[in-house]
Amino acid sequence: MWEKYSPLEDKIYRVMDDEGKLIDSSYKPKLKAKEIVSAYDSMVFARLADQMAVSYQRQGRMYTYPPNFGQEAIATAAGMVLRKEDWLVIAFREMNAWLQKGAKLRDIFMYFGGYEDGALFSGAPNITPSSVPIASQLLHAVGIGYSIKLRKEKKVVIAFVGDGGTSQGDFHEALNFAAVWNVPVVFIIQNNQFAISVPVKQQTVSRNLAVKSIAYGMPGIKVDGNDLFAMYDTVSEAVAHAMAGNGPSLIEGLTFRRGAHTTSDDPSLYRTEAEEKEWAEKDPLKRLKNYLLDREMIDASKEEAQLDGYREEIEREFTAFENHPAYKLEDVFQYN
């Protein structure tokens, strides 16, 4: 698959079109029917939690928050592939991967509520704190991968970065040493079109971001990041490649941040309403929902009741955060 969709030719791997129809009717999902439904449910939950988090922030009950709206398929696919013993090295816009790894929603609320211990992600082994210095987490991922190799462990590292992170020196250093050391790291670029307000075309003249893998001697591929099946297939193959001792790989997930960069941002200043409408038609939840409805795998009449249940669960998690003991001043130094 990776050879067929060479980034040198700017090809993109897709399974579903924008309406959730299979592009190749012979395609058979690697996931069982119940796994696909479960993935969709988790994406619905993550989107609702994300929307409610923005609302909590607007109410002054939480600090600056980076929305995940529109990017759920990439994080979901990675979270489905990761095992308990594998490492997840996060940026800050992969909520559903964190949840699937075992993080509690209240931890996420605590982190963006200013609590240092929210970054511990209780119950989620082998997950790093969110990284604020852009792309610095990729060097940490390479170090973890090198440790795994030295210990001869059967583990893999999945590390996230945004398209803006590919303009940082840390990105290039990480890819170079990952290849030199042949470490089991899967790099995933969430190309959501903007580094805050700077479009990709002003960051690089490369035909895509996946092609950057070629210079560092590792496989690379551009994938429709709003296509759960395409992302799952690609991440699965990349993990298998790493587990077999074949080293790192780079995946560019092409997507769109439908929300603001953070709740401190106004995207209307740098992108058009036409762009937003165009990408709304490519929405990952809409596409997967259509796929499931066409096959009568979900019942649309039960959707509102499901959402009500999710709202109650999210409210409970947020209440648990708000009832957490007051922040201790010494925690500023405790987690350095």
Pair Glu9 + Arg207, salt bridge at N-O below 4.0 Å
no
Under 4.0 Å between a Lys/Arg side-chain N and an Asp/Glu carboxylate O for Lys328 and Glu116?
no
Which of these passes side-chain contact (heavy atoms from CB on, under 4.5 Å) with Glu252: Ile12, Leu209, Asp163, Val211?
Leu209
Tell me whether the count of non-hydrogen atoms from other residues, nucleotides or ligands lying under 6.0 Å of NZ in Lys30 goes above 12.
yes
Does atom CZ of Phe177 have more than 12 heavy-atom neighbours, drawn from other residues, nucleotides or ligands, at distances under 6.0 Å?
no
Can you tell me if Asp227 uses its side chain to pair, donor with acceptor, with the backbone of Val15 under 3.5 Å?
yes
Picking from Ile158, Val185, Leu82, Ile148, what satisfies side-chain contact (heavy atoms from CB on, under 4.5 Å) with Trp87?
Ile148
Would you compute the distance between atom CD of Gln137 and atom CG of Asp170 and round it to the nearest 0.5 angstrom?
8.5 Å
Could you go through the ring-ring contact (aromatic ring centres under 6.0 Å, His included) check for Tyr5 and Tyr13 one step at a time?
CA-CA 6 Å; Tyr5 295 92; Tyr13 178 53; 5.1 Å; yes
Is any side-chain N of the basic residue among Arg47 and Asp283 closer than 4.0 Å to the acidic one's carboxylate O?
yes
Before accepting this row, confirm whether a basic side-chain N of the pair Asp18/Arg14 lies closer than 4.0 Å to the acidic partner's carboxylate O.
yes
Are Glu19 and Lys21 close enough for a salt bridge, meaning some N to O gap below 4.0 Å?
no
Are Asp86 and Arg83 ion-paired here, with the side-chain N under 4.0 Å from a carboxylate O?
yes
Determine whether a donor-acceptor pair (N or O, by modelled atom type, separation under 3.5 Å) exists between the side chain of Thr263 and the backbone of Tyr65.
yes
Do side-chain atoms of Arg257 reach the backbone of Gln71 as a donor and acceptor pair under 3.5 angstrom?
no
Is it the case that the ring center of Phe318 lies less than 6.0 angstrom away from the ring center of Phe109?
yes
Residues Arg287, Asp224: salt bridge by 4.0 Å N-O rule:
yes
Taking it one step at a time, do His261 and Phe194 satisfy ring-ring contact (aromatic ring centres under 6.0 Å, His included)?
CA-CA 9 Å; His261 173 70; Phe194 294 95; over 10 Å; no
Just checking, Lys101 and Trp98: is the charged tip under 6.0 Å from the six-membered ring centre and within 45° of the axis?
no
Quick one: sort the Tyr216 and His172 rings into parallel, tilted or perpendicular, breaks at 30° and 60°.
tilted
Atom OG1 in Thr166, atom CD1 in Ile134: separation rounded to 0.5 Å?
11.0 Å
What I want to find out is whether Arg311 reaches Glu304 closely enough, with some N-O distance under 4.0 Å, to be called a salt bridge.
yes
Atom NE2 in His324, atom OG1 in Thr319: separation rounded to 0.5 Å?
14.5 Å
Taking the six-membered ring for Trp, is the centroid-to-centroid distance between Tyr291 and Phe229 below 6.0 Å?
yes
